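Residue numbers start from 1 in every chain, and the chains themselves are labelled A, B, ... in the order their sequence lines are given, proteins ahead of strands. Not measured: the values here are computed from a predicted model.
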2 protein chains.
Amino acid sequence: MDTLETRELRYFVAVAEELHFGRAAERLGMAQPPLSRAIQQLERRLGVLLLERNRRGVSLTAAGEMLLHEGRAALDATTAAARRTRRAGGADSPGGPRNRLVLAVKAGASHELLHKLIDAYAAEPDSAEIEVLPSGTCEQGEMLRDGRADVALMHKPFNSLAGFDSEELMTEGQIAILPTGHPLAAHKSLSLADVSDIPDLPLARWAHDGTYPPGPGPEIHDQTQLAQLIALGRTAAVFPDSARAWLWAEHTAVPLADAPPVVTHIAWPAHSRSLALAGLIRTATRL
Amino acid sequence: MDTLETRELRYFVAVAEELHFGRAAERLGMAQPPLSRAIQQLERRLGVLLLERNRRGVSLTAAGEMLLHEGRAALDATTAAARRTRRAGGADSPGGPRNRLVLAVKAGASHELLHKLIDAYAAEPDSAEIEVLPSGTCEQGEMLRDGRADVALMHKPFNSLAGFDSEELMTEGQIAILPTGHPLAAHKSLSLADVSDIPDLPLARWAHDGTYPPGPGPEIHDQTQLAQLIALGRTAAVFPDSARAWLWAEHTAVPLADAPPVVTHIAWPAHSRSLALAGLIRTATRL
DNA sequence: GCCCTGTCATACCCGGCGAGTATCACGGAG
DNA sequence: CTCCGTGATACTCGCCGGGTATGACAGGGC
């Protein structure tokens with residue numbers, strides 16, 4: 001009567017994302033008619049129009065937009081419950097039901113802090129096993145929400161901490177990484193404006209949720225690729241200070257005076273109530 | 001295969017809370033055997049033991065504790081999705097699908113700030129209709145989580161802001177409310193220790209989630225009751241400054257020098273993306 | 001020792017509903 | 001006017017969620 005089933009939410013989210021019953025049904029691995037019926041039933045039960053059926057496709061009503069947002073959150077919470085329960089029961093750990101924490105870290109972020117944290121925590125009594133899960137550029141938040149991770153290292157202002165509890169761990173400046181020998185590389189300090197608009201050295205572009213921001217620079221997927229392109233004098237990049245750790249001889253780092261500082265936080269879902277997590281956070285804040 | 005249904009979560013949460021299949025089944029309005037089977041199925045699908053079936057009742061395993069916490073969160077998110085969608089579609093508003101915000105306020109909290117906020121917001125262009133929802137002593141958080149409310153006025157350190165976005169609105173001190181004529185009422189200032197242990201004037205006790213904290217003071221349910229008991233010289237109470245607004249002649253307020261300040265925040269679910277909400281927050285921070 | 005009680009699990013049956021196939025209604029492009 | 005492509009409807013079928021009856025088992029009173 002008033003309780004949504006996750007099946008219904010899955011169906012609706014698929015339709016709302018595809019805006020097309022046929023494609024949504026295909027994605028869900030089912031036929032189109034039962035999907036249509038299910039959505040109609042959902043609309044009847046909620047007493048609300050979710051989709052505007054025009055000729056040539058469908059569009060979301062205001063209520064539909066709301067259910068898309070809230071439904072995604074609910075689905076995330078549900079899969080998170082399943083994942084964390086499996087993990088707590090040791091269903092996926094070969095060495096028995098050992099206590100385990102999954103830590104999401106941006107792939108290619110500073111290893112120094114991470115090493116210190118893991119070593120210090122391992123030295124604690126009763127410490128859990130830590131699995132480090134490399135994450136895409138900005139998806140640590142998703143991973144915490146859908147239960148793939150229990151805790152994450154996040155970097156303000158790139159990651160949003162909204163909805164999580166967090167503790168500040170470290171603040172650092174940002175640098176421009178230029179090809180050694182480039183005229184600008186001789187400077188002691190630069191501004192963002194200096195490097196954002198170099199005609200012969202357009203800034204590289206990373207994929208943000210599957211799509212690239214517009215601009216003249218090359219599209220890159222990983223750090224090695226980027227390092228190579230910089231070394232070849234084809235591009236430049238802006239990184240936090242700690243990126244100095246992986247620079248090559250062909251790279252030169254120049255501090256950016258006016259770039260916003262990058263603050264590394266340790267973050268976790270606000271409702272977490274795990275002893276192992278509490279221990280890790282305690283260790284982290286003492287570093 | 002790996003997607004929990006809301007029904008399963010409801011069932012498990014009921015059993016985990018009752019720790020008794022029969023009572024849980026009764027609460028769910030069903031017979032006990034199908035409930036037993038559903039839980040077994042759930043355990044098989046997760047590949048994890050959730051309950052320890054001892055003689056004489058059941059107890060939770062570590063995985064069971066995890067699923068209880070996470071499952072409650074997921075259920076809250078699901079019912080929140082349903083409630084907010086209905087509201088966005090105008091299913092419950094008689095005057096058509098008008099844009100509406102539900103604001104949770106602790107019953108009996110300062111009306112002054114609330115009035116200013118509502119008036120200022122109503123004067124904004126394109127403002128939504130605001131429904132003020134009085135909440136129990138500390139349940140604003142629950143209301144935001146399960147969708148009964150969209151936004152709340154919360155009071156640190158009484159409410160936990162964990163998991164919400166918030167903006168600070170006001171800070172005030174705390175006062176002791178004593179019967180006029182009581183010896184302590186003559187003081188210009190008191191400390192917490194002074195009022196927490198008066199032999200003839202034990203502090204009143206409010207219900208916290210259905211149960212009362214231990215102590216000698218009277219158990220009270222609402223503010224009128226409390227006001228009466230203070231006026232009769234039977235008890236005393238500690239409140240934020242703004243409580244002065246409802247004092248009687250028989251009450252005397254004395255500032256508490258060492259009581260922690262009370263900070264009023266406006267708080268909302270971190271993932272909210274509503275224009276009406278954004279407008280209300282903007283108005284609130286400008287007060 | 002006995003039986004009674006309270007607990008959760010098992011056996012078996014039934015009905016509803018979720019899902020499939022076939023088809024319709026309708027609008028746009030040619 | 002016909003042919004697509006869209007979502008909606010009609011009808012059937014089989015699974016599974018739920019009910020009742022009963023079993024297995026451990027404690028407690030006598």
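Rounded to whole Å, the distance from CD on Glu5(A) to C1' on dG16(C) is 15 Å. One can place CZ of Arg10(A) at 13 Å from C1' of dA19(C), the figure rounded to the nearest angstrom. For the pair Leu50(A) CG and dA8(D) C1', the interatomic distance rounds to 17 Å; values are reported in whole Å. Atom CZ in Arg53(A) sits about 19 Å away from atom P in dA25(C), given to the nearest Å.
Scored by the salt bridge (Lys or Arg N to Asp or Glu O under 4.0 Å) test, Glu139(A) finds no partners at all (sequence neighbours excluded). Considering only residues two or more places apart in sequence or on other chains, Arg205(B) meets the side chain to side chain donor-acceptor pair (under 3.5 Å) condition with none of them. Under the side-chain contact (heavy atoms from CB on, under 4.5 Å) criterion, Ala149(A) pairs with Val102(A), Ala104(A), Met143(A), Leu144(A), not counting sequence neighbours. For the side-chain contact (heavy atoms from CB on, under 4.5 Å) test, residues two or more places apart in sequence or in another chain that qualify with Glu65(B) are Leu60(B).
With respect to Arg87(A) and Asp150(A), a salt bridge is recorded, a charged nitrogen being found less than 4.0 Å from a carboxylate O.
Interface residues of residues 17-41 of chain A facing DNA chain D, ordered by number: His20(A), Phe21(A), Gly22(A), Gln32(A), Pro33(A), Ser36(A), Gln40(A); criterion, heavy-atom separation under 4.0 Å.
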Considering only distance and modelled atom types, tabulate donor-acceptor pairs under 3.5 Å from the side chains of residues 29-41 of chain B, sequence neighbours left out.
unit_1	atom_1	unit_2	atom_2	d
Gln32(B)	NE2	Ser36(B)	OG	3.1

